[in-house]
Amino acid sequence: MMKLYTGKDYSRFSSIFVCQKQGSFFYLVAFMLLIFSCQTKVELEKYQVLESLRINQLGFFTNQKKIAIWVSEEEEKEFWIVDTDNKDLILKGKTSLNPSSTFSGKKVQIIDFSSLNKAGKYEIIIPLIGKSYPFEIKKSIFENLGKASLKAFYYQRASTPIDSIYAGKWSRSSSHPDTNVSIHSSAADSYRPVGYKIDGSKGWYDAGDYNKYVVNSGITLGTLMSLYEDYPHYFQELTLNIPESQDRIPDILNEIQWNLDWMIGMQDPSDGGVYHKLTTAKFEGFVQPIDATHERFVVQKSTAAALDFAAVMAQAHRIFKTYSPQNSEWYLKAAEKAWHWAEKNPTAIYDQNSLNERFAPPVTTGAYGDKSLDDERVWAASELFIATHNLDYWKVVEGSNLDFILPTWSKVKWLGYYSLLRHSQNLSNTSPIWIDHVKLQMQQAADEIVKESRKTAFLNPMETQRSNFVWGSNAVAANQGILLIQAFKLFGEPSYLEGAFDNLDYLLGRNSTGYSYATGFGAKTPQFPHHRLIAGRESLGPIPGFLVGGPNPGKQDKVMYSSSFPDETYVDDLESYASNEIAINWNAAFAYLVNALQAIETE
């Protein structure tokens, strides 16, 4: 039960009012002034932040469902919503016990204040107990976060200075020119022998380290280009303050172009194969990039890299056709060449342990090894079919398994299906029945997680399965949000959009740790992410806009965690690469979720 609150009982004044001459402007004004002058004030400074009160620490759109969760064994309590600018009590309600408990068995109560739709800055008060972190309600609430989630990729650029004009205090010198990258013995052939030098410049550092990986760039670029395709009008006006911001190309595409340019250099022009990664033999120490000077190599060509490359370049072909027709055609030729190489080399699996038994120097950086490549083949065939309408590609797609699998770097089939659904009206050679089956799979997956989310403690899709809490679990939450937005675009079901908001609420604080997992956004955010770009510069604080990995019960880093429950195994520690690292694929999914929700509200 909630009510907007004026703070006083005015019945004793009513007789005074009605006894005056009806319609008297003077007395009407006097009465209204009396009401406003008697508005209840709340002494916010008397209350301490209640850590157990979990809320999206940024805020909400005016017309959005608004939920907070109180982790508490208390009985149901009254709550207040207070305007922090004038300390007025705006709304009163009562918490309600959620019958579902957390994974750790803690009881929770729901605070629903969805009826509050007035723009402003607020805090939740539980009288005599404590208050929430502050939050806002406004139409553009996620705009700055959306920009920062995309600007994060600029900070990850290799081969260029990061200038203070664009980066402020996080500026740095140019590093890793990568214009003389060595061919590793695993990648050598008669055309490019061991030690042969190639140009592998540009691109993004993959994660907290300084290497560049084609496979992980695949899902990253696929996600970002899909974001642009879904909301092109929104990105026509979105400025990120990057060096290319003054040209005619949307900034999101300029940033994507930086990594595309690197990926093109990872293709061997002699046969179309694609090197798996550009890397040092082992991870650099925790130093600034300019001090990370060990020799860099490209290693073995792999089928996974070739297929991911083909998918990305085919998608880039259609997206850049308007802005750069010459590059667009170049991308398509590169995509088809990579596809043909993969068809001739379907079992070129990247197995780093096996590679190190046969080649030197041994390579111990991120493997991104994937032994199951049917999904990469479907994704590449989907994007190439959209680009060319060649039925040879359609035959690969049509014969694939349609079961829904949430995208990750090693499971990319549904990136292709998303694209096919996005362009289905322009694909006359497809089977309408097949397309309907894909839609049904998406709808069933969306229905299931929305239904199950209502049974969880924090009321979000992320909590529906313990298995969601893996390395990079926050990207699971973001990718679930993408599924729900795709389903909303197709079917218009409001509960899908609501579920996407629920997972964004989860990422921004409505969760079992109370952290907003986005650096620089919220009151309780990661201060020590596993990110070499801030090595030795911790006093500057973390670069804003990065999504950290999140709870991971695997605890592969052996850092001390305070809990072993799946949704609580997070620690804000520089050494915690298992829960507190950043990565471009996680940020791409996060950028999609945040920017898509803001675009939907804006448009």
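Fair warning: this is a prediction, and the values are worked out from it, not measured in the lab.
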Under the salt bridge (charged side-chain N to carboxylate O under 4.0 Å, His left out) rule, collect the residues that match up with [X], sequence neighbours excluded.
X: Glu143; result: Lys147
X: Asp261; result: Lys202
X: Asp308; result: none
X: Lys66; result: none

Charged N-O contact under 4.0 Å between [X] and [Y]:
X: Glu284; Y: Arg532; result: no
X: Asp505; Y: Arg510; result: yes
X: Lys212; Y: Asp178; result: yes

Could you tell me whether a side-chain N or O of [X] sits under 3.5 Å from a main-chain N or O of [Y], the two making a donor and an acceptor?
X: Gln300; Y: Ile349; result: yes
X: Asp572; Y: Pro526; result: no
X: Trp258; Y: Gly203; result: yes
X: Asn98; Y: Ala457; result: yes
X: Thr303; Y: Ala348; result: yes
X: Arg172; Y: Ala167; result: no
X: Asn511; Y: Tyr506; result: yes

Quick one: which residue pairs count as a salt bridge (Lys or Arg N to Asp or Glu O under 4.0 Å) with a foot in residues 518-531, not counting sequence neighbours? Glu51-Lys524
Please list all pairs passing the salt bridge (Lys or Arg N to Asp or Glu O under 4.0 Å) test where one or both residues lie in residues 448-477, with sequence neighbours left out. Glu448-Lys451, Glu452-Lys455
Quick note, side-chain hydrogen bond (donor to acceptor under 3.5 Å, both in side chains) partners involving residues 592-603, not counting sequence neighbours, are Ser149-Asn595, Asp230-Tyr592, Gln486-Tyr592, Gln598-Thr602
Ring pair (Phe, Tyr, Trp, His ring centres under 6.0 Å) partners of [X], counting only residues at least two apart:
X: Phe142; result: Phe61
X: Trp262; result: none
X: Phe458; result: none

Hydrogens and angles aside, do [X] and [Y] bring a side-chain donor and acceptor to less than 3.5 Å of each other?
X: Tyr350; Y: Gln352; result: yes
X: Ser453; Y: Asn460; result: no
X: Asp209; Y: Tyr213; result: yes
X: Lys277; Y: Thr365; result: yes
X: Asp206; Y: Asn216; result: yes
X: Ser104; Y: Lys106; result: yes

[X] side chain near [Y] side chain, heavy-atom distance below 4.5 Å:
X: Trp586; Y: Thr220; value: no
X: Leu227; Y: Tyr231; value: yes
X: Glu383; Y: Arg318; value: yes

Just to verify, which of Leu221, Leu253, Ile319 counts as forming a side chain to side chain contact (heavy atoms under 4.5 Å, CB included) with Leu260? Leu221
So, for Tyr205 and Tyr155, is the gap between ring centers shorter than 6.0 Å? no
Sequence neighbours left out, cut at 3.5 Å: what donor-acceptor pairs do the side chains of residues 542-552 make with other protein atoms?
unit_1, atom_1, unit_2, atom_2, d
Asn552, OD1, Gly554, N, 3.0
Asn552, ND2, Gln556, OE1, 2.8
Asn552, ND2, Ala578, O, 2.9

Do we get Lys489 above Tyr496's six-membered ring, with its NZ or CZ under 6.0 Å from the centre and within 45° of the axis? no
Residue set satisfying side chain to side chain donor-acceptor pair (under 3.5 Å) with Gln156, at least two apart, ordered chain then number -> His531
May I ask you to decide if the ring planes of Tyr517 and Tyr515 are parallel, tilted or perpendicular, using 30° and 60° as cut-offs? parallel
